[in-house]
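Heavy-atom basis, side chains included; hydrogens, waters and symmetry copies ignored. Per chain, numbering begins at 1; letters A, B, ... match sequence-line order. Just so it is clear, the structure is predicted and the values come from calculations on it, not from any experiment.
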Number of protein chains: 2
Amino acid sequence: MSATIYDVAREAGVSMATVSRVVNGNPNVKPTTRKKVSEAIKRLGYRPNAVARGLASKKTTTVGVIIPDISSVYFSELARGIEDIATMYKYNIILCNSDQNKDKEIHLIQTLLGKQVDGIVFMGGKIDPEHIEEFKQSNVPFVLASTVDEQHEIPSVNIDYEQAVFEVISKLIESGNQHVGFINGPVDVPINGKYKLNGYKAALKSHHIPFEETLVTEGDYTYESGKEATSQFLSQEIKPTAIFVDSDEMAIGAIHEIQDEGLKVPEDIEVVSSENTRLVQMVRPTLTSIAEPTYDIGAVAMRLLTKLMNNEKVESITVVLPHRIDERKSTK
Amino acid sequence: MSATIYDVAREAGVSMATVSRVVNGNPNVKPTTRKKVSEAIKRLGYRPNAVARGLASKKTTTVGVIIPDISSVYFSELARGIEDIATMYKYNIILCNSDQNKDKEIHLIQTLLGKQVDGIVFMGGKIDPEHIEEFKQSNVPFVLASTVDEQHEIPSVNIDYEQAVFEVISKLIESGNQHVGFINGPVDVPINGKYKLNGYKAALKSHHIPFEETLVTEGDYTYESGKEATSQFLSQEIKPTAIFVDSDEMAIGAIHEIQDEGLKVPEDIEVVSSENTRLVQMVRPTLTSIAEPTYDIGAVAMRLLTKLMNNEKVESITVVLPHRIDERKSTK
DNA sequence: CTGAAAGCGCTAACAT
DNA sequence: ATGTTAGCGCTTTCAG
């Protein structure tokens, strides 16, 4: 067995309260006794038991992170942002994959709360009343990262997806494209089905271009689905001369499908993507993309959570990070 | 405050011991009392406090995962394998990025042990005596994933890197390449500097080809470093006609550099990669690669850890998973 | 089948 | 500046 605070106290000839004080850096300890205790600690190889500490103090310095899929490039960059800031503030993270499945999500929240995490960063698709209920019932703060709560009740960190898509589509139209295709992500998640789609429609409208049902489709973020959607576009009567794709992986699929059909990007068809992961550099032509600050979304979300856990004042519960559009070789 | 086991006991008119039994599925409870307790639990919205349970039982059902960088495609796939199996066995994981920095690694181990994790999956570069010391001092099991301990003292899950590289290089030689380049990962990690390099040299030797210093170089796994290393190769007197690259991202860099120089893959230069992540499908030509079962390494490592935590018998402490070579369009 | 009671290792008043 | 003393919420003998 490893040494306990009691062993250290005995070894150093002081009470456990004093040991606790030096372990926790409490200044009310005479330097000489501090030294005595420190030596006893070293001699015994004492390491504080965080579980006991958590039970007594009701703080675990651990936060829960619920993420759809850590093996996705996009989410793993987000996760890295979260973890870096967590580390900076001395928190550890319990990482859970939800696969965007609501039952799993609810179950994970329960498990994490049972483990007494001090807060939770949640990434998911659709937030519905059942989620909100869980968030509110719990007595620890939640922050949504890259996930929107349409009611703006829950703290969240995002970019303005609608605006970003509006800009991209407008640019494409203004540079002469009358038929702009849109390969969206699953539309049951509001970011896609609502905000991004709205941005797309708004851009068309403001340029007096009629909305064409067949130019909008849905993929599942895989390379293959991007390829298939593009294949469908190319076989239609109304073919797009530019395609906006909701993920880098799908966008690479789109480019390859276009090239496989003997067409050129961007000469024949322009392609714009939406995540700006490292992948954009790894395809020829390199991908123009909405530059979503993925890492930063995670980092800012975690930072916001630390404030909430600390009962610090926060200016705004809903933070919207700026985005850019990084132009590369897949557009003219 | 949320309800405690004591509240439930009172509500149900039983002792806390009985509540504990029903919560833990102990069969020694009369069905009627079980029912009474279950109802009280539901009524009060009772949720067991895992921290208290952990303190009393000395088990946290949480394992630590130390990983170089979760945002890397390779490691995030490994992590997903770990997490899936952990979930299957009712464990949660505390995920920590080490950046392959030894001081951080040691510090993380300390932190995780302080949090009383039941076991640790460790991924890193070089395992040296200081690590081994930590592993042995602790009283919880460790498993190395995709990380070799040259002494075979610590349980680990890997593929046979030396053999895999031997096969790849042999194939390349046998199909007519006299000059095979090798862009390795950082050689201070034994998997690269020792095993993979040995495999490379052994293949040359068995085909009576002299080792050529300038055909072996080192990258840092980034796209850019793959491109640079290749550029260097192409400017040399002795140019490779085939290149084996230690990561998909670097391999894509290599392909692009070759193409940017007006050469063709595989006609002028063949390229083989080594991770077989999803990236291999996302480049043209698609990448021939050593198929390392990344997800499985994580999954098997976690499974091994569960056995160790459970004091189950394990056939072998050192598991070597099979690998394949998946041929695609970047080789003839 | 159920209850009583003693901790698990630590923090946090409250004393001194 | 240091010690005493309750718990924190649960598991786990040990009785009965």
Side-chain angles (χ1 to χ4, degrees), chain A residues 1-38 40-41 44-62 90 110-111 113-118 139-140, chain B residues 1-38 40-41 44-62 90 110-111 113-118 139-140:
Chain A
M1 284 315 304
S2 41
T4 73
I5 199 171
Y6 186 74
D7 300 322
V8 176
R10 189 153 29 78
E11 174 82 10
V14 299
S15 74
M16 38 188 294
T18 301
V19 177
S20 176
R21 287 188 186 98
V22 349
V23 167
N24 293 294
N26 184 318
N28 290 351
V29 181
K30 201 165 29 164
T32 57
T33 49
R34 179 184 303 282
K35 184 147 172 287
K36 245 189 339 190
V37 172
S38 297
I41 287 176
L44 267 44
Y46 168 71
R47 177 193 304 130
N49 179 324
V51 172
R53 177 182 288 181
L55 182 58
S57 69
K58 303 189 165 308
K59 297 209 168 315
T60 54
T61 62
T62 301
K90 313 280 186 209
Q110 304 281 4
T111 303
L113 293 177
K115 293 218 171 176
Q116 313 301 118
V117 294
D118 295 336
N139 36 25
V140 303
Chain B
M1 285 316 303
S2 41
T4 73
I5 198 172
Y6 186 74
D7 299 324
V8 176
R10 191 153 28 77
E11 174 83 9
V14 298
S15 75
M16 38 190 294
T18 300
V19 177
S20 176
R21 289 190 185 96
V22 349
V23 167
N24 292 296
N26 185 317
N28 290 351
V29 181
K30 201 166 31 166
T32 58
T33 48
R34 179 184 303 282
K35 184 148 171 287
K36 252 192 330 193
V37 173
S38 296
I41 287 175
L44 267 43
Y46 168 72
R47 179 193 303 129
N49 179 326
V51 172
R53 176 181 290 181
L55 182 58
S57 70
K58 303 190 165 309
K59 298 212 168 309
T60 54
T61 61
T62 301
K90 312 279 187 210
Q110 303 282 5
T111 303
L113 293 176
K115 295 218 169 175
Q116 312 300 119
V117 294
D118 296 334
N139 36 26
V140 304

Please confirm whether the backbone N or O of [Y] pairs with a side-chain atom of [X], one donor and one acceptor, at under 3.5 Å?
X	Y	result
A:K115	A:T60	no
A:S20	A:M16	no
B:N26	B:N28	yes
A:S57	A:R53	yes

[X] [atom1] - [N] [atom2] separation (whole Å):
X	N	atom1	atom2	result
A:K36	D:dG3	NZ	C1'	13 Å
A:R10	D:dG3	CZ	C1'	16 Å
B:I5	C:dG3	CD1	C1'	13 Å
A:Q116	D:dC10	CD	C1'	11 Å
B:K59	D:dC10	NZ	P	19 Å
A:N24	C:dG9	CG	P	17 Å
A:N26	D:dA1	CG	C1'	10 Å
A:R21	C:dC14	CZ	C1'	11 Å

Pairwise side-chain contact, B:V14 with B:V19, heavy-atom cut-off 4.5 Å (strictly under): yes
Can you tell if the side chain of B:I41 reaches within under 4.5 Å of the side chain of B:V23, non-hydrogen atoms only? yes
Just to be sure I understand the rule, does B:S20 reach a base, reach only the sugar-phosphate, or reach nothing, if contact means heavy atoms closer than 4.0 Å? base
Contact class for A:V14 (heavy atom, under 4.0 Å): base, sugar-phosphate, or nothing? sugar-phosphate
Given the structure, check if the side chain of B:R47 and the base of D:dG9 hold any donor-acceptor pair shorter than 3.5 Å. no
Out of [options], which has the shortest distance to the side chain of [X]?
X	options	value
A:V29	D:dC8, D:dT2, C:dT2	D:dT2
B:L55	D:dC8, C:dA13, C:dC8	C:dC8
A:M16	C:dA4, D:dT11, C:dT11	C:dT11
B:K30	C:dT2, D:dG9, C:dA12	C:dT2
A:N49	D:dC10, C:dG9, D:dT11	C:dG9
B:N28	C:dA13, C:dC10, C:dT2	C:dT2
A:A17	D:dC10, C:dA12, C:dG3	C:dA12

Using heavy-atom distances to pick each residue's nearest nucleotide on DNA chain C, tell me which of B:A52 and B:G13 is more 5'. B:G13
With respect to the phosphate group of [N], does any side-chain polar atom (N or O) of [X] fall under 4.0 Å of OP1 or OP2?
X	N	result
B:Y46	D:dC10	yes
B:T33	C:dT2	yes
A:S15	D:dG3	yes
B:R53	D:dG9	no

